Undergrad: 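My questions all concern the structure below.
In this text the structure is predicted, and so the values were computed from the model without any measurement.
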Amino acid sequence: MESNDKQSKLDSRYLRMARIWAENSYCKRRQVGALVVKDKMIISDGYNGTPTGFENVCEDENNISKPYVLHAEANAITKLARSNNNSDGSTIYITASPCIECAKLIIQAGIKRVVYGEKYRLTDGIELLERAGIEVVYMEV
């Protein structure tokens, strides 16, 4: 097994890559990125935004996120469904802590580790992941 120091360096690197990936988001209020990594290979990626074919505008005229905006984690996980990869035993790197809805997707996708870089005011997603026995790592980058 990898040393903690080596794993920590890898985690930091992938989290920085997720931050760069977040820059693809058209959302103005908050840009979030996610990478799914398995066996040191990125098998999926995602950022928050509207569904395929929709206009790239995430907020309404009151600067509130539209209800159909997808979170970065949901985009990365659903992208896996259209590929030949699977996320069993993988790690997901997210620039912000997951909400409870995304936590449910993470659990069902068989992801075993979550590394995130920004705490959100709601902690129910993190609590659900921990309850499911998923390793959760907060890293300030």
Side-chain angles (χ1 to χ4, degrees), residues 1-60 62-141:
M1 190 161 154
E2 305 226 14
S3 72
N4 282 347
D5 187 48
K6 193 172 183 183
Q7 184 62 57
S8 182
K9 283 181 179 174
L10 273 175
D11 287 346
S12 178
R13 197 170 300 136
Y14 283 124
L15 197 53
R16 287 196 314 271
M17 291 169 73
R19 276 213 165 77
I20 291 166
W21 199 244
E23 294 172 14
N24 288 314
S25 172
Y26 289 92
C27 296
K28 292 184 177 109
R29 286 180 54 225
R30 178 179 228 174
Q31 294 180 312
V32 180
L35 296 177
V36 180
V37 177
K38 185 174 180 178
D39 301 325
K40 294 185 187 168
M41 289 187 339
I42 297 168
I43 60 168
S44 192
D45 53 58
Y47 50 86
N48 57 326
T50 55
T52 304
F54 282 64
E55 76 291 344
N56 289 320
V57 178
C58 298
E59 295 85 8
D60 63 18
N62 298 316
N63 202 32
I64 294 171
S65 289
K66 294 179 179 178
Y68 52 82
V69 168
L70 289 154
H71 289 184
E73 309 92 307
N75 266 327
I77 291 167
T78 55
K79 192 185 258 188
L80 277 166
R82 297 176 73 172
S83 77
N84 292 325
N85 287 313
N86 76 67
S87 48
D88 273 342
S90 65
T91 298
I92 189 165
Y93 294 88
I94 320 162
T95 58
S97 62
C99 71
I100 195 157
E101 293 303 317
C102 288
K104 290 190 273 188
L105 291 175
I106 290 166
I107 293 164
Q108 290 302 98
I111 294 168
K112 293 300 174 210
R113 283 182 83 235
V114 175
V115 180
Y116 70 98
E118 227 178 273
K119 291 185 179 180
Y120 186 59
R121 60 182 170 81
L122 299 176
T123 59
D124 51 357
I126 296 296
E127 290 161 8
L128 187 66
L129 291 170
E130 289 171 342
R131 184 174 164 197
I134 292 172
E135 182 185 348
V136 178
V137 179
Y138 167 65
M139 281 192 117
E140 282 186 274
V141 178

Undergrad: Heavy atoms, side chains only, cut-off 4.5 Å: are Tyr138 and Ile126 in contact?
TA: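 Side-chain contact under 4.5 Å: no.
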
Undergrad: What heavy-atom pair brings Val36 and Ser90 nearest, and what distance separates the two atoms?
TA: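 Scanning both residues, the minimum pair turns out to be CG1-OG, 3.5 Å.
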
Undergrad: What pair of heavy atoms forms the shortest contact from Ala76 to Ser44, and how long is it?
TA: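 Taking Ala76 first and Ser44 second, the nearest heavy atoms are O-OG, 2.6 Å.
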
Undergrad: Is the side chain of Ser97 donor-acceptor paired with the backbone N or O of Tyr120 at a distance under 3.5 Å, no angle test?
TA: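 The answer is yes, because a donor-acceptor pair under 3.5 Å joins these two groups.
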
Undergrad: If we ignore hydrogens and angles and just use 3.5 Å, is the side chain of Thr95 paired with the main-chain N or O of Gly33 as donor and acceptor?
TA: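 A pair under 3.5 Å: yes.
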
Undergrad: If I take atom CG from residue Asn63 and atom NZ from residue Lys28, how far apart are they, to the nearest 0.5 angstrom?
TA: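 One gets 8.0 Å once the value is rounded to the nearest 0.5 Å.
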
Undergrad: Would you please test Met17 and Asp45 for side chain to side chain contact (heavy atoms under 4.5 Å, CB included) and show each step?
TA: CA-CA 10 Å; Met17 291 169 73; Asp45 53 58; over 6 Å; no

Undergrad: Between Asn75 and Tyr47, is there a side-chain donor-acceptor contact under 3.5 Å, judged purely by atom types and distance?
TA: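 There is no such pair between these side chains.
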
Undergrad: Step by step, work out the side chain to side chain contact (heavy atoms under 4.5 Å, CB included) result for Lys66 and Val57.
TA: CA-CA 8 Å; Lys66 294 179 179 178; Val57 178; 3.9 Å; yes

Undergrad: Do the non-hydrogen side-chain atoms of His71 and Val32 ever get within less than 4.5 Å of each other?
TA: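 Heavy-atom side-chain distance check fails, nothing below 4.5 Å.
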
Undergrad: Once you round to the nearest 0.5 Å, how far does OG of Ser8 lie from CZ of Arg13?
TA: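 Here the rounded value is 10.5 Å.
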
Undergrad: Is a side-chain N or O of Ser83 found less than 3.5 angstrom from the main chain of Leu80, in a donor-acceptor match?
TA: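 Checking the backbone N and O of Leu80 against the side chain of Ser83, a donor-acceptor pair under 3.5 Å is found.
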
Undergrad: Not counting sequence neighbours, list each pair that qualifies as a disulfide (SG to SG under 2.5 Å) and has a residue in residues 22-56.
TA: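 Passing the test, one end in residues 22-56: Cys27-Cys58.
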
Undergrad: Is there a donor-acceptor pair under 3.5 Å between the side chain of Asn48 and the backbone N or O of Ser25?
TA: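 Checked: no pair found.
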
Undergrad: Quick one: CG on Leu70 to NZ on Lys79, what's the gap to the nearest 0.5 Å?
TA: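 Leu70 atom CG to Lys79 atom NZ measures 12.0 Å (nearest 0.5 Å).
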
Undergrad: Strictly distance-based, threshold 3.5 Å: is any side-chain N or O of Lys38 a donor or acceptor partner for the main-chain N or O of Asp88?
TA: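 Yes, Lys38 side chain to Asp88 backbone: donor-acceptor pair under 3.5 Å.
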
Undergrad: Rounded at 0.5 Å granularity, tell me how far CG in Asp124 sits from CZ in Arg131.
TA: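 The CZ atom of Arg131 is 12.0 Å from CG of Asp124, to the nearest 0.5 Å.
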
Undergrad: Between Thr50 and Glu55 (side chain of the first, backbone of the second, donor and acceptor by atom type, cut-off under 3.5 Å), is there such a pair?
TA: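 Pair found, side chain donor or acceptor close to backbone of Glu55.
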
Undergrad: Within the distance-only criterion (no hydrogens, no angle test), does the side chain of Thr78 pair as donor or acceptor with the backbone N or O of Ala74 below 3.5 angstrom?
TA: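 Side chain of Thr78 to backbone of Ala74: a pair is present.
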
Undergrad: Can you name the closest pair of heavy atoms from Glu23 and Gln31 and give their distance?
TA: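 Looking at all heavy atoms of both residues, the shortest contact is O-NE2, 3.8 Å.
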
Undergrad: Between Ala103 and Pro98, what is the shortest heavy-atom contact and its length?
TA: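 Minimum heavy-atom contact is N-CB, 4.4 Å.
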
Undergrad: Is any side-chain heavy atom of Ile111 closer than 4.5 Å to one of Ile77?
TA: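 Yes - at least one pair of side-chain heavy atoms lies under 4.5 Å apart.
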
Undergrad: What residues, two or more places apart in sequence or in another chain, satisfy ring-ring contact (aromatic ring centres under 6.0 Å, His included) together with Phe54?
TA: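 Testing Phe54 for ring-ring contact (aromatic ring centres under 6.0 Å, His included), a comparison that skips the adjacent residues, returns Tyr68.
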
Undergrad: At what distance, to the nearest 0.5 angstrom, does CG of Leu35 lie from CG of Leu15?
TA: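 Atom-to-atom, Leu35:CG and Leu15:CG are 9.0 Å apart.
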
Undergrad: Under a 3.5 Å distance rule, please check whether Tyr93 uses its side chain to pair with a backbone N or O of Arg16 as donor and acceptor.
TA: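 No.
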
Undergrad: Inspect the surroundings of CD in Gln108 and state if more than 12 heavy atoms from other residues, nucleotides or ligands are less than 6.0 Å away.
TA: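 Open: at most 12 neighbouring heavy atoms sit under 6.0 Å from CD of Gln108.
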
Undergrad: Search all heavy atoms of Ala96 against all heavy atoms of Glu73 and return the closest pair with its distance.
TA: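 In this case the closest contact between Ala96 and Glu73 is O-OE2, 4.5 Å.
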
Undergrad: Would a distance-only check, ignoring hydrogens and angles, find a side-chain to backbone donor-acceptor pair under 3.5 Å from Asn62 to Ile64?
TA: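 Between the backbone of Ile64 and the side chain of Asn62 there is no qualifying donor-acceptor contact (under 3.5 Å).
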
Undergrad: Would you say that Leu105 contacts Glu101 through its side chain, given a criterion of any heavy-atom pair below 4.5 Å between the two side chains?
TA: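 Not touching, per the 4.5 Å side-chain cut-off.
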
Undergrad: Could you walk me through whether Gln7 and Asp11 satisfy the side chain to side chain contact (heavy atoms under 4.5 Å, CB included) test, starting with their C-alpha distance in whole Å, then the side-chain angles of each, then the deciding distance to 0.1 Å, before giving a yes or no?
TA: CA-CA 6 Å; Gln7 184 62 57; Asp11 287 346; 2.8 Å; yes

Undergrad: Within the distance-only criterion (no hydrogens, no angle test), does the side chain of Glu59 pair as donor or acceptor with the backbone N or O of Arg29 below 3.5 angstrom?
TA: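 Side chain of Glu59 to backbone of Arg29: a pair is present.
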
Undergrad: Heavy atoms only: give me the nearest Lys112-Ile134 pair and the separation to one decimal.
TA: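 Distance-wise, the nearest heavy atoms are O-CG2, 3.4 Å.
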
Undergrad: Using side chain to side chain contact (heavy atoms under 4.5 Å, CB included), reason through Ser65 and Arg30 one step at a time and then give a plain yes or no.
TA: CA-CA 10 Å; Ser65 289; Arg30 178 179 228 174; over 6 Å; no

Undergrad: Return the CD1 to CD1 distance between Ile106 and Ile100, rounded to the nearest 0.5 Å.
TA: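 The CD1 atom of Ile100 is 11.5 Å from CD1 of Ile106, to the nearest 0.5 Å.
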
